[in-house]
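Note: hydrogens, waters and symmetry copies are ignored here, and every other heavy atom, side chains too, is used. In what follows, every chain begins at residue 1, and chains take the letters A, B, ... in the order their sequences are listed. This structure is a prediction, so every number in the text was calculated from the model and none was measured.
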Amino acid sequence: MANQIDGLKDALVGLDMYKVLDKVKAGLDAGVAPMDMVKDLQAGMVEIGDRFARGEYFLSELIMSGEIMKKAMALLEPKLAGVDQEYKGNIVIGTVQGDIHDLGKNIVAMLLKGAGYNVIDLGVDVPAEKFIDAVKENQAPLLAMSVLLTGCQDPMRDIIKAVRDAGLDVKVLIGGNYVDEKVKEYCGADYFGTTADDGVKVAKQVFGA
Amino acid sequence: MSDKKILYQERLNRFITAMDVGKPDRVPIRLTLSEFLAKYAGYTLQEIYYQMDKNIECSNKFIQDFDVDTVPGPPSLWMGGIHDATGAKYLKFAGRELEKDKQFQFLESDYMKAEDYDDFIANPTKWILTTLLPRIHTEFKDPYRAHLSLIKGAAGMVMNQGMLAEAGKRWAEEYGIFPPFSGMSKAPFDTLGDVLRGLHGIMMDMHLCPDKLLAALDVLVDHNIYYGMATAAGDTTLPLFMPLHRGSYPFLNPEQWDKFYWPTLKKVIEGLWKHGKRTLFYAEGDWTPYLEKIAELPDKSIVFHVDMTDMKKAKEILGGRFCLSGNVPNTLLTYGTPEEVSDYCKKLIDEVACDGGFIMDAGGVVQWDAKVENVRAMIETTLEYGVY
Ligand code: B12
């Protein structure tokens with residue numbers, strides 16, 4: 001039965017949208033477990049992330065694969081109802097208040113999802129309360145924040161302080177193009193990242209998986 | 001000649017000599033300060049987005065206090081009122097949707113759909129007027145309001161341009177100083193990728209409808225040359241400002257860059273150069289992998305601005321044929337000390353500016369987070385240490 005979806009992962013890695021969608025449809029028609037297909041697609045996303053880390057893939061490939069994944073999941077999700085997705089853990093992510101740059105954040109979120117985490121994406125221009133509420137509600141061990149504007153690094157420091165003051169047991173990861181060790185120290189974050197795959201690396205450390 | 005006229009001429013010569021890759025009397029300073037200026041002058045962001053006299057006043061205040069070669073700012077490129085007049089759905093402004101001291105926000109989306117390509121290619125202006133504007137402005141719900149909103153918007157635009165022209169005269173006469181550029185344009189790929197199709201849209205188009213995308217990029221070449229010359233009101237003394245977005249590393253893979261980004265950008269820059277108009281190639285982010293290609297441009301046709309590009313490589317590959325600018329890290333201006341900033345500028349002067357063709361500036365646009373004493377250190381170091 002599995003042969004309907006043979007090559008599903010490779011089709012995704014090869015960015016062949018029509019082939020991916022055909023295979024998913026064929027798989028569903030033939031009664032392949034949707035969760036098996038999701039796993040194959042996730043494996044594809046992990047491979048794509050690795051290729052990006054090695055400099056073989058660029059943002060265009062990441063974005064294209066994200067769009068294909070979205071279309072494939074739209075076919076699969078209705079069939080997944082009732083099936084328990086096994087996640088490695090919950091991660092809250094968002095772009096900090098005042099900043100609307102979201103391309104980087106979206107890619108980080110996509111790779112984290114691909115790697116099997118449950119990602120709660122709060123969008124852009126996110127204030128402290130919203131981060132705090134989401135971490136509490138989901139008991140998330142990891143909070144990831146994106147910041148592109150240097151002018152929003154100070155507000156990010158305030159957000160991190162508010163998170164700490166709220167007494168939450170959560171590791172804070174920050175990322176963006178002008179983020180470095182100095183910014184991490186200044187803002188009081190636990191980790192920092194400057195590329196999308198850094199997010200996955202840190203998540204692996206935090207969740208041990 | 002009055003003192004101010006002499007000063008003006010001195011500064012202009014210094015700037016132009018550097019852009020012509022020569023050695024002026026000292027390294028010129030051009031600072032790309034945006035919201036920094038509002039904070040320095042004590043205005044809220046709402047004030048500078050909505051009151052154009054205050055926006056301009058920010059620049060006045062700075063040039064009264066600091067000895068720089070070109071006018072920084074004004075801080076806001078936008079005029080909130082124009083967008084309010086037409087009911088822009090793609091922008092949020094301080095004092096309206098946002099608190100009064102918050103940065104404006106742009107909502108990126110695929111305002112142009114993949115299905116729109118054919119109409120766009122056939123007649124872009126017509127498509128913009130009949131399809132795009134109604135789609136992205138609330139005031140276009142009925143023709144009566146649409147007409148009024150366009151009249152209000154255009155009137156606002158003209159008033160703003162008039163005030164800027166007036167300010168330009170005053171800067172020259174009273175302070176002996178000129179703006180760092182005249183006119184603005186974009187890479188055709190950015191026109192489509194930033195505003196019309198959005199990043200996701202254009203990335204999909206490269207895979208799904210490459211021919212239409214290429215045709216649309218071609219259509220934009222003449223338009224973007226014309227737009228540059230028109231917004232510069234024909235001036236060819238100062239360079240044209242071209243902020244470059246989606247061509248930085250690692251947006252596109254090398255084949256995509258060669259096929260979709262570069263050919264039409266090159267045509268726009270060459271087209272402008274034929275009119276005698278130089279381009280300030282404001283390379284946001286990292287452009288290191290593309291330096292060899294950029295070197296194909298006619299000598300002196302651009303000033304290559306360095307944000308996160310490898311400065312050493314830029315100097316190696318472009319130096320001697322093109323003026324370079326920038327590279328003082330924004331995080332250094334925020335978290336560093338004046339000594340560290342000063343050391344960084346000295347290093348740039350020693351290693352990059354040494355044989356001319358260099359303009360001092362920060363890597364990226366300077367926002368409110370930069371420390372005043374660090375901006376001062378940058379200026380003072382250049383004035384003292386940058387003398388050839
Ligand atoms: C595209 C862009 C825009 C788009 C944003 C569209 C969108 N939907 O996001 C538009 C045109 C709307 C825009 C607007 C503005 N922008 Co802008 N923009 C850029 C640009 C060109 C690219 C950013 C980008 O998307 N890169 C691609 C993504 C994928 O990369 P990334 O975001 O860096 O993310 C990667 C890593 O940083 C990391 N990462 C990011 N987040 C996270 C989070 C975690 C947890 C981890 C682990 C990793 C991580 O992984 C990502 C993938 O590898 C940059 C310059 C540049 N090349 O960096 C300027 C830039 C960021 N913008 C800048 C500015 C000033 C502005 C404006 C203020 C412009 C103005 N004055 O008119 C407005 C701000 C509006 C606002 N309130 O936020 C400046 C900031 C300067 C500064 N001092 O901070 C920059 C640096 C340009 C410059 N050199 O001056 N911008």
Side chain from CB out, backbone as N, CA, C, O: work out which of these in B/Leu332 comes under 4.5 Å of a heavy atom of chain A, or both, or neither.
-> side chain
Distance (rounded to the nearest 0.5 Å) between A/Ile159 CD1 and A/Arg164 CZ | 12.5 Å
Any ion pair linking B/Asp258 and B/Lys293 (charged N to carboxylate O, less than 4.0 Å)?
-> yes
Pick from B/Leu107, B/Leu208, B/Leu98 with the largest number of heavy-atom pairs that fall under 4.5 Å of chain A = B/Leu208
Top contributor to chain A contacts, counting heavy-atom pairs under 4.5 Å, from B/Phe251, B/Tyr249, B/Phe36 = B/Phe251
Where on A/Glu56 is there a heavy atom nearer than 4.5 Å to chain B: the side chain, the backbone, both, or neither?
-> neither
Specify which of A/Asp154, A/Asn177, A/Leu103 makes the most heavy-atom pairs with chain B at under 4.5 Å.
-> A/Leu103
Side-chain ion pair, B/Lys102 and A/Asp125, N-O less than 4.0 Å = yes
What part of B/Asp307 gets closer than 4.5 Å to chain A, counting heavy atoms only: side chain, backbone, both or neither?
-> side chain
Give, as side chain, backbone, both or neither, the part of A/Asp180 having an atom under 4.5 angstrom from any heavy atom of chain B.
-> side chain
Under 4.5 Å to a heavy atom of chain B? For A/Tyr186 that would be side chain
Please look at A/Ile68 and chain B and tell me whether the side chain, the backbone, both or neither of the residue comes under 4.5 angstrom of a heavy atom of that chain.
-> neither
Interface moiety of A/Tyr57 toward chain B, non-hydrogen atoms closer than 4.5 Å | neither
State whether A/Lys182 and A/Glu185 are salt-bridged, where the test is any N-O pair (Lys NZ or Arg NE/NH1/NH2 against Asp/Glu carboxylate O) under 4.0 Å.
-> no
What option among B/Glu35, B/Gln103, B/Met308, B/Met206 has the most heavy-atom pairs under 4.5 Å with chain A?
-> B/Met308
Presence of salt bridge, B/Asp116 and B/Arg197, under 4.0 angstrom | no
Between B/Tyr90 and B/His137, how do the two ring planes meet: parallel, tilted or perpendicular, split at 30° and 60°?
-> perpendicular
Presence of salt bridge, B/Glu108 and B/Arg246, under 4.0 angstrom | yes
Turns out that what part of B/His200 lies under 4.5 Å from chain A's heavy atoms comes down to both
Report the relative orientation of the aromatic rings in B/Tyr290 and B/Trp257; use parallel for angles under 30°, tilted for 30 to 60°, perpendicular for over 60°.
-> parallel
